[in-house]
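Here's the structure, in structure tokens; my notes come after.
This is a predicted model, so every value here is computed, not measured. Remember, it's 1-based here, ligands and their atoms both numbered in the order they're listed.
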Amino acid sequence: MSKIQKIKGFSDLFSPESDKFVFMEQTAREIFSKYGCQEVRLPLVEKTELFSRSIGEETDVVQKEMYTFPDRKNRSLTLRPEATAGVLRAFIENKIYAQNPIAKLFTCGPMFRYERPQKGRMRQFHQVNVEVLGTDAPQADAELMFMVWSYLKALGLDKLSVEINSLGCSACRPVFHKRLSAFLDGLNHEELCEDCRRRASTNPLRVLDCKVPQCKALVADAPRISDSLCPACREHFDTVLSILDEAGLPYTHNECLVRGLDYYQRTTFEIVSTAIGAQSSVAGGGRYDGLVKQLGGPDLPGLGFACGMERLALLLDNIGTSQLDFFLAVLDTSALNRAMIIAQHLRDKGFSGEVSFDAKSVKSLLRQANKDNVRTCLLLGPEELEKDQIIVKDMATGAQKAVSQNDLEQALGLQR
Ligand code: HAM
């Protein structure tokens, strides 16, 4: 029979790689709860329309990257390519805004995008995601930056840079749009990459952050969005930056930072690592005032970010796996059942450990205990069984002694 293999761009994670994901999730819970975030668990599949209406029809994600399929009743469904749209759908559907004027929601899990797989870019990848709904205060933007920065620091990461920009609002963005379109019209479109030739008419802002060197050079003299911000957006952005300055959070104002999703307004940001090659953006986010309303909810502002866990994992050293307290080595089949009872009793008392399911020679059992990296090996053979004893062997020093089974808890406790 031929083997069935996993799908391209998807991965199986075993320890120690999976330990990194547990660490990233636990740290996220710990850090984000300090800011009052609550965890939500949402569906991986949503109606396709949710994503086309929020992320934007003209984006690469919606145009080329979604896993979309009809269900058995021919309704178009999509594996979520990101979490924001689903969080907002759930926020609106469950009327979360009626309970609390400001909701801070954290979620993490797999996302799906049909991209060309490479290092740091998967078709199933994972995000740690935070959304803050119900405030347009620039202080909330700064707090969001503190949140993501503290998270990355708590993971022990450095050599990261924060790029930030303001994309303006529905009042001033169209003015910039017009100026940018006029500039792009004046370029020789033959010189733009294929994507930018299309974007120049469908989504001109995206031409600004194209990574193709030739496009970069062509837009070097493009109008600057900061020159088109309305006074309210200007003041909002200046306030965000002044809080970051005062807190000493380092950032670069990147006028070309646009982001690949259409819902952003005002503050947008990305956190980039120099240590992982081409797919360098480890986190991205920003404000999306207007999106809740656009999805049929009340007119509430919002903002958020997501960190790419595969990319963070590339930056994390192996997380040490925790050592087991004991390995209970059974020297004779007559002791197998008793060993299970003793081990279960020890676990009930808070110790961690494993039992050998077969009786083997002392040598091979000790080899197994060494391989499993346990603190103490317990040896149980017919002689110990008869005397109600067990041999306790300290794997670090090699010292061993026979103790009564009643004293085992105490003996193990001393080994910790
Ligand atoms: P995004 O920039 O599309 O934003 O994705 C956020 C992060 O997810 C990226 O910085 C990257 O680390 C990771 N990522 C994206 N695509 C892949 C991939 N194919 N393979 C591995 N990692 C990937 C969003 O998704 C927004 N929903 C963020 C947000 C939340 N904005 C507001 N709230």
Considering the heavy atoms of [X], write down every atom of ligand 1 situated less than 4.0 Å from one of them.
| X | answer |
| --- | --- |
| Tyr263 | 26 (C), 27 (N), 31 (N) |
| Val282 | 10 (O), 12 (O) |
| Gly284 | 10 (O), 28 (C), 29 (C) |
| Ser281 | 9 (C), 10 (O), 11 (C), 12 (O) |
| Tyr264 | 26 (C), 28 (C), 29 (C), 31 (N), 32 (C) |
| Gly285 | 31 (N) |

- prompt: Can Gln265 and Arg287 be said to form a side chain to side chain donor-acceptor pair (under 3.5 Å), step by step?
  reply: CA-CA 5 Å; Gln265 291 207 0; Arg287 185 167 271 290; over 6 Å; no
Side chain or backbone of [X] under 4.0 Å from ligand 1, or both, or neither, by non-hydrogen atoms?
| X | answer |
| --- | --- |
| Ala283 | backbone |
| Met111 | neither |
| Leu261 | side chain |

- request: Flag the pair Tyr264 / Tyr288 as yes when their ring centroid distance falls below 6.0 Å, and as no otherwise.
  value: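 They do not qualify: ring centres at least 6.0 Å apart.
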Testing the 3.5 Å rule here: is there a donor-acceptor pair between the side chains of [X] and [Y]?
| X | Y | result |
| --- | --- | --- |
| Gln26 | Arg29 | no |
| Glu163 | His253 | no |
| Arg311 | Ser281 | no |
| Asp141 | Thr267 | yes |
| Ser150 | Tyr35 | yes |
| Ser54 | Gln294 | no |

Could an N or O of ligand 1 be found under 3.5 Å from any N or O of [X], whether backbone or side chain?
| X | value |
| --- | --- |
| Asn129 | no |
| Met122 | yes |
| Arg121 | no |
| Phe305 | yes |

What residue and atom, counting heavy atoms only, is the protein's closest point to [atom], and at what distance?
| atom | value |
| --- | --- |
| atom 21 (C) of ligand 1 | Gly120 O, 3.3 Å |
| atom 19 (N) of ligand 1 | Glu115 OE2, 2.7 Å |
| atom 13 (C) of ligand 1 | Gly308 CA, 3.5 Å |
| atom 6 (C) of ligand 1 | Gln127 NE2, 3.3 Å |
| atom 18 (C) of ligand 1 | Phe125 CD2, 3.4 Å |

query: Using the ring of each side chain (for Trp, its six-membered ring), is Phe269 parallel, tilted or perpendicular to Phe305, with breaks at 30° and 60°?
result: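 Ring orientation of Phe269 relative to Phe305: tilted.
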task: Give the minimum heavy-atom separation between Gln124 and Met122, together with the two atoms involved.
output: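 Closest approach of Gln124 to Met122, heavy atoms only: O-CB, 3.2 Å.
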message: So for Glu310, does at least one of its heavy atoms come nearer than 4.0 angstrom to any atom of ligand 1?
response: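 No heavy atom of Glu310 comes that close to ligand 1.
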field: Option of least heavy-atom distance to atom 2 (O) of ligand 1 (set: Arg259, Glu131, Glu82)
entry: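 Answer by nearest heavy atom: Arg259.
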Check ion pair Glu46-Arg80 (N to O, under 4.0 angstrom):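 Salt bridge absent between Glu46 and Arg80.
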field: Within 6.0 Å of CG in Asn337, more than 12 heavy atoms from elsewhere
entry: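 12 or below, so no.
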